[in-house]
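Each remark here refers to the structure printed beneath this line.
The chains referred to below are lettered A, B, ... by the order of the sequence lines, with proteins before strands, and numbering in each begins at 1.
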There are 2 protein chains.
Amino acid sequence: MDMAGLLIGDVAERTGLTAPTIRYYESIGLLKAAPRSATGYRRYADTTVEELRFIKKAQSLGFSLEEIGEILKLSRAGDTPCSHVLDLSRRHLQAVQERIQQLARFRDQLAAELAKWDGKKEPTCRGLCQIISSAEEREADAPSLDLHARDLRAGSRRKARR
Amino acid sequence: MDMAGLLIGDVAERTGLTAPTIRYYESIGLLKAAPRSATGYRRYADTTVEELRFIKKAQSLGFSLEEIGEILKLSRAGDTPCSHVLDLSRRHLQAVQERIQQLARFRDQLAAELAKWDGKKEPTCRGLCQIISSAEEREADAPSLDLHARDLRAGSRRKARR
DNA sequence: ATCCACCCTGGAGTGCACTCCAGAGTCAAG
DNA sequence: CTTGACTCTGGAGTGCACTCCAGGGTGGAT
Ligand SMILES: [Zn+2]
Ligand SMILES: [Zn+2]
Ligand SMILES: [Zn+2]
Ligand SMILES: [Zn+2]
């Protein structure tokens, strides 16, 4: 009972992140260091929970932690013009736009192929190989897209203490 | 002049990959070991170039090298039913579909915000932060998407020998 | 007093897909 | 016969975003 504020585990629970991840964010300067209790425990304000949720969302939209750091820095500094963030956003918009289009083409072809397979009961992998081969005839210098979610950790099973 | 076939550098040039990458693919069993000349040089057939292009494309569509390996294995085995590849494709279709929808929403919001910024000459980062915050209210357990292309290496500057 | 779930630290390890390095051999052209 | 661009190997290193570990301290409940 030494200064109010959320413990790191409470913050973890509220955000769906793990405590080590939150410490990691602090260690790379993404999150500013939390005030400590007399015994060294981090004590967080509710606003940190908001900030972490923001980070999670920005990340799910394709921003790297470094970029999020830039955005957060500007955001904390107030309403300054921040043309850098503007640029960053424009580049993302561009990338996102291209990715959507490539994915949509792929989706349509893959869906069509799967439908064919669902019809006749004897699928071969020829079709798949062909649609992969014919996808994106255009210079194929497309950036990769990580569709493989790192396993979302099961919500922390922390016994409610208090 | 010891057995015809492309040298690894030739293959690299034709595919846009680097020689180490091609060796790496062989080392993980993605590419089957190429026949060697008397002095140990790998000698590739033209079909390998096709295979590598296939790999590149599949990769750009979000398949991991491991998944590509599975597909290739089945593909080489002929036209067997391969329900595993079918499953794999269905899962990808699902993931791709979700990703497209999230990205499209984000794109629309981001584009709108940037348009506003283009109008009035004094952008602040409030808007961006808000659209990131409001994006995807739905449980945000969305997998990440790597929009950040690893730098596409400049085409190898290999002096045409031969 | 004893639990036991939490908290702390620094540092090492993970997974993917490369990328680089040192040290040695090969080969066609000049 | 030298040069120089290529080839080979094994192993180490990179970047991102964590994730785990050992070893130790804290604090509310019984
Ligand atoms: Zn970015
Ligand atoms: Zn196939
Ligand atoms: Zn996959
Ligand atoms: Zn802002």
Q. Do B:Tyr44 and B:Asp10 come within less than 4.5 Å of each other through their side chains, counting heavy atoms only?
A.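 Sidechains of B:Asp10 and B:Tyr44: no contact.
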Q | Contact check, side chains of B:Glu26 and B:Lys32, non-hydrogen atoms, under 4.5 Å | A |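 A side-chain contact under 4.5 Å is absent here.
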Q: Compare every heavy atom of A:Leu6 with every heavy atom of A:Ala45, then report the nearest pair and how far apart it is.
A: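 A:Ala45 and A:Leu6 have their closest heavy atoms at O-CD1, 4.4 Å.
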Q.
Could you report the tightest heavy-atom contact between A:Tyr25 and A:Ile55, atom names first, then the distance?
A.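 Between these two residues, the closest heavy atoms are CE1-CG2, 4.1 Å.
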Interatomic distance where [atom1] belongs to [X] and [atom2] belongs to [N] [whole Å]:
X: A:Ile22; N: D:dA17; atom1: CD1; atom2: P; answer: 17 Å
X: B:Arg23; N: C:dT19; atom1: CZ; atom2: C1'; answer: 12 Å
X: B:Asp10; N: C:dC27; atom1: CG; atom2: P; answer: 14 Å
X: A:Leu7; N: D:dG27; atom1: CG; atom2: C1'; answer: 10 Å
X: B:Ile68; N: C:dA17; atom1: CD1; atom2: C1'; answer: 11 Å
X: B:Ile28; N: D:dG11; atom1: CD1; atom2: C1'; answer: 17 Å
X: B:Leu31; N: C:dA17; atom1: CG; atom2: P; answer: 15 Å
X: B:Ile8; N: D:dT9; atom1: CD1; atom2: P; answer: 9 Å

(Q) Any N or O donor-acceptor pair under 3.5 Å from the base of C:dG25 to the side chain of B:Tyr41? (A)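 Yes, a donor-acceptor pair under 3.5 Å.
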(Q) Both B:Pro20 and B:Glu66 contact DNA chain C. Which one's nearest nucleotide lies toward the 5' end? (A)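 Between the two, 5'-proximity favours B:Glu66.
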Establish, with yes or no, whether the OP1 or OP2 oxygen of [N] is under 4.0 angstrom from a side-chain nitrogen or oxygen of [X].
X: A:Arg42; N: C:dT9; value: yes
X: A:Thr39; N: D:dG27; value: yes
X: A:Tyr25; N: D:dC18; value: yes
X: A:Arg36; N: C:dT9; value: yes

Q.
Closest approach to the side chain of A:Ser64, judged atom by atom: which nucleotide of D:dC18, C:dC27, D:dA17 is it?
A.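 Closest nucleotide to the A:Ser64 side chain: D:dA17.
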Q.
By nearest atom, which of the nucleotides C:dC18, D:dC8, D:dT19 is closest to the A:Tyr24 side chain?
A.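 So the side chain of A:Tyr24 is nearest to D:dT19.
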Q. Do side-chain atoms of A:Arg53 reach the backbone of A:Arg14 as a donor and acceptor pair under 3.5 angstrom?
A.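 Yes; at least one donor-acceptor contact below 3.5 Å.
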